[in-house]
Amino acid sequence: MSKLFIGTNTKMYKTIAQTKIFLQRLGEQTADLSRDEMELFVIPSYTALESAGPICRNGGIRLGAQNMNWEDEGQFTGEISPVMLKETGVEIAELGHSERRHVLGETDAEINRKVLAAFKHGLTPLLCIGETKEQKELGIADEILRIQLKAGLNGVAQVPAPFYVAYEPVWAIGVNGEPATEGYAQEKHAVIRETLVNLFGERGRSVPVLYGGSVNPENAKPLIRMPHVNGLFIGRSAWDADRFNGIIREVLPIALSKTMA
Ligand code: PGA
């Protein structure tokens, strides 16, 4: 049986109080859904992490952080280390989100150091990759995805522990984004899967690959039907717990009926 991987990153939205209300409601709304069949995660702002920890544990929600530094401690003003994240109950480290790559200038080499640090500390890396509009138009999207995967996972010899990949085409993300069609997403997910198998052999088949970028209640079902799409990583459409719960209920039976590819 397959499993659904589904989560949201609340970006620089939601205060501590708003995050707590959101998580509480999401936990209640999805309480009847088996966590053996679904991995549900939420990635709130740093300031909300500590109070989010217990609510997530009670609600069957895995907690993630939106970024982290690769060092345990040091002279890195404004940065947060894996040790500090673990203290708050964080289990997932979201690394290389497009806003961090393209707005804040993160490089593949830095993201790679973070991936290795996440593994070292027993955090699940959620490695985000995706081509820009320009790269898509130049016809080099596949190459970009391979580069981001190979560079981001450099030095990871085996699949040492669980990790996720999120395919998020930059042109599809956010208020000005245009969602990828399910056919396009499927094609790119196939490239990602092939690259993971090249890197890790058969174990590369067990890495969940999630699609993100303007997922909404209308396109969630066609996307999850695609054989290579193992889950969804949602922004705006998941920030209302009831709406998110609605999407989860639509896609869960479809995900469970598929075998992982
Ligand atoms: P969006 O965000 O669903 O609002 O486009 C996706 C993301 O940035 O992960």
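Since the model is a prediction, treat every value here as computed from it, not as a measurement. Counting convention: from 1, in listed order, for ligands and their atoms alike.
Of all protein heavy atoms, the one closest to atom 3 (O) of ligand 1 is Gly235 N, 2.9 Å. When hydrogens are left out, the protein atom nearest atom 4 (O) of ligand 1 is Arg236 NE, 2.6 Å; that is the closest non-hydrogen contact.
Within ligand 1, counting atoms from 1 as listed, the ones closer than 4.0 Å to a heavy atom of Ile173 are 5 (O), 8 (O). Annotation for ligand 1: atoms under 4.0 Å from non-hydrogen atoms of Ser214 are 1 (P), 3 (O), 5 (O). Interface of Gly174 with ligand 1, defined as ligand atoms under 4.0 Å from a residue heavy atom, comprises 1 (P), 5 (O).
Aromatic ring centroids of Tyr184 and Trp171 lie under 6.0 Å apart. Aromatic ring centres of Tyr211 and Phe5: separated by at least 6.0 Å.
Because its NZ or CZ atom is not both nearer than 6.0 Å to the ring centre of Phe22 and within 45° of the ring axis, Lys20 does not count as a cation-pi partner of that residue.
Considering each of Glu178, Lys11, Glu168, the one bringing a non-hydrogen atom nearest atom 2 (O) of ligand 1 is Lys11.
Close N/O approach between Asn9 and ligand 1 is not found [any backbone or side-chain N/O within under 3.5 Å]. The shortest N or O to N or O distance between Phe233 and ligand 1 is not below 3.5 Å. Considering backbone and side-chain atoms alike, Glu99 places every N or O at 3.5 Å or more from each N or O of ligand 1.
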Residues Phe119, Phe163; criterion ring-ring contact (aromatic ring centres under 6.0 Å, His included); working and verdict | CA-CA 9 Å; Phe119 279 129; Phe163 73 97; 5.8 Å; yes
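When the options Glu91, Arg62, Glu94 are evaluated for a side chain to side chain donor-acceptor pair (under 3.5 Å) with Thr124, the one that passes is Arg62.
Salt bridge annotation for Glu131-Lys188: absent, with no cationic side-chain nitrogen under 4.0 angstrom from a carboxylate oxygen. With respect to the salt-bridge test (charged N to carboxylate O, under 4.0 angstrom), the residues Asp32 and Arg249 qualify.
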